[in-house]
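Counting convention: from 1, in listed order, for ligands and their atoms alike.
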Amino acid sequence: MPTRSGYDAVIVGGGHNGLVAAAYLAQAGRSVLVLERLGRTGGAAVSTQTFSGVQARLSRYSYLVSLLPHKIIDELGLRFAVRRRRISSYTPTVRGGRPTGLLVDAGDPTRTAAAFHQLTGSEREFEAWQRFYAMTGAVAERVFPSLTEPLPTRAELRRRVADPAAWEALFERPLGESVERHFTDDLVRGVVLTDALIGTFTHAHDPSLRQNRCFLYHVIGGGTGDWDVPVGGMGALTDALADAARAAGAQILTGCEVTAVATDGTAAEVTYRSGDEEHRVGARQVLCNAAPQTLARLLGERPDPAAAPEGSQLKVNMLLRRLPRLRDTSVDPREAFAGTFHVAESYRELESAYRQAADGRVPVAAPSEIYCHSLTDPSILGPELAARGYQTLTLFGLHLPARLFTAGGTDTGDAVRQAALQAVLGPLDALLAEPLADCLALDDQGRPCIEAKSPLDLERELGLPGGNIFHRDLSFPFRDGTDGDNHGDSHGGDHGGDRGGSAADRWGVATAHPNVLLCGAGATRGGGVSGIPGHNAAMAVLGR
Ligand SMILES: Cc1cc2nc3c(=O)[nH]c(=O)nc-3n(C[C@H](O)[C@H](O)[C@H](O)COP(=O)(O)OP(=O)(O)OC[C@H]3O[C@@H](n4cnc5c(N)ncnc54)[C@H](O)[C@@H]3O)c2cc1C
């Protein structure tokens, strides 16, 4: 039960961003109540023992960290660390009838150059790669620090980027144009484009620039764009955040679903359900960690159905007895699976899968990215499994939008989920020297350790509208006084582009209600495991 009848801030949702906001506000001396619908905190940033009787704690949903600023870790005093992956990526393919692949070794440019040369037959693609990522790296260095500062205008951010060609390529023109200008090899083009398609149903030339926004968030993290391994799994971050929030005095209640938020602009009342009981609590300010569409419902507003968020992915979690052998014998599986292992992600394959899904079909070969956490951080395995050489495997499938899993608004159930699983595992098996199924561990009931989560599963389990992993389309990290909201949709009392002058406007967390703020992925500069919108909402409340 809450210990007070009213709080300075009530936070709807105990995802990692809600916990960041709670920790900052409590450390600043504010009274804070977090109400979380599930029986645990963390939202999509959790570790679970996924398979019955098997001592492996998998990052069940999100799995790699790039966007979490050191500033937040330091300021909140979190006991949490990430580890760099030596191998950035490996992309197997077949050239001239022979299995081969492209290994990008972040620690060894000479080796990477040789891999490009072997695949493409010249220096050209690797030089283009270096030029392209030098460009995104320079943008990252300048843009990333701005994410935890008041929201710049478009003109201010453009000045800060200080590279008109880079601005044009990333913020103004469909990403496909610069990918095609820089690169000629179909596989290399595809590897670059994948970062624009994570959880986002779009294509290289989408005029809405949805792909550019997704790409930007995948290349600016930490000012480098590196994606690091959370030591102890993603749940280690959530646990550290919950500890920090509680230690500072925040109250966190799980199993409490908020059902309504009423506000007159200066004081609010939050209604929530705990078991069979309904409760009310007062708040000077309400911070919403749930998606903007959920907030709209809680406020009694009617979101525009045409702008409903939609996720586009299949997340597959696996535990293996051993890593599978590859058809490309020039690469050790321990290297191939340590970085991002790209499957069916050439430029043409990405386009073809997009077209099939847009036509309402599960793609024959759904593109996917795979990665093994336990190679970099075995601490998520129990000692016995680690000693026996077991490994985890995470697969993130693209171009599998929520619409494929529904018919007339209802879940089509297991048949389509099985078809989607086959669409990602089939192309993977074609690259392996032995079927993946032969490598899967078994749980204590003798069942293979594999589970698949469609967008509909994510909606049901995590409350993500449409299964959208970012709560809604990602936004460009600026306020845009002329073009309006830069998310491309409008939900949750959206302020239409953060034009005003309140603290919430300045931090990109405003809604139409002065004392109701977004503190989750749906805020401007939200999305991903970053803590940034939680930090920014707290700064707005504190009037910084
Ligand atoms: C499968 C998957 C893979 C991903 N992979 C990555 C990755 O590797 N790296 C990365 O950076 N990002 C990744 N993401 C995205 C990232 O996880 C999310 O964008 C991020 O976790 C959002 O955090 P949040 O705290 O804003 O919201 P959430 O994690 O969605 O938390 C919101 C919380 O609010 C609660 N809630 C909702 N409604 C109510 C209510 N009415 N009352 C009370 N509580 C409520 C929910 O239960 C939830 O706990 C992934 C996401 C998914 C789903």
Using a strict cut-off of 4.0 Å, indicate which atoms of ligand 1 neighbour a heavy atom of [X].
| X | answer |
| --- | --- |
| Phe396 | 3 (C) |
| Leu38 | 47 (O) |
| Lys315 | 1 (C) |

With under 30° as parallel and over 60° as perpendicular, where do the rings of [X] and [Y] fit, or are they tilted in between?
| X | Y | value |
| --- | --- | --- |
| His218 | Phe470 | perpendicular |
| Tyr63 | Phe396 | tilted |
| His535 | Tyr24 | perpendicular |

For [X], state whether at least one heavy atom is located under 4.0 Å from any atom of ligand 1.
| X | value |
| --- | --- |
| Cys256 | yes |
| Gln313 | no |
| Gly43 | yes |

- Task: Would you mind telling me which of Val258, Asn289, Val286, Val516 makes a side-chain contact (heavy atoms from CB on, under 4.5 Å) with Leu295?
- Result: Val516
- Query: Who's closest to atom 41 (N) of ligand 1 heavy-atom-wise, of Val258, Val65, Leu35, Thr41?
  - Reply: Val258
- Heavy-atom proximity to atom 7 (C) of ligand 1, picking from Thr294, Leu64, Val46, Leu518, points to Leu64
Nearest protein heavy atom with distance in Å, relative to [atom]:
| atom | result |
| --- | --- |
| atom 31 (O) of ligand 1 | Gly15 CA, 3.4 Å |
| atom 34 (O) of ligand 1 | Gly13 CA, 3.4 Å |
| atom 50 (C) of ligand 1 | Ser62 CB, 3.6 Å |
| atom 37 (C) of ligand 1 | Ala290 CB, 3.6 Å |
| atom 22 (C) of ligand 1 | Ala521 CB, 3.9 Å |
| atom 29 (O) of ligand 1 | Ala44 N, 2.9 Å |
| atom 51 (C) of ligand 1 | Ile469 CB, 3.4 Å |
| atom 35 (C) of ligand 1 | Glu36 OE1, 3.3 Å |

- Query: Between the side chain of Arg213 and the main-chain N/O of Leu474, is any donor-acceptor distance below 3.5 Å?
  - Reply: yes
Any idea which heavy atoms bring [X] and [Y] closest together, and the distance?
| X | Y | result |
| --- | --- | --- |
| His373 | Pro230 | CE1-O, 3.2 Å |
| Ala56 | Leu319 | CB-CD1, 4.1 Å |
| Ser146 | Val143 | OG-O, 2.6 Å |

- What part of Lys453, side chain, backbone, both or neither, has a heavy atom within less than 4.0 angstrom of ligand 1? neither
- Message: Aromatic contact between His399 and Phe201, with the criterion being ring centroids under 6.0 Å apart: yes or no?
- Response: yes
- State whether the shortest distance between N or O atoms of Leu67 and N or O atoms of ligand 1 falls below 3.5 angstrom. no
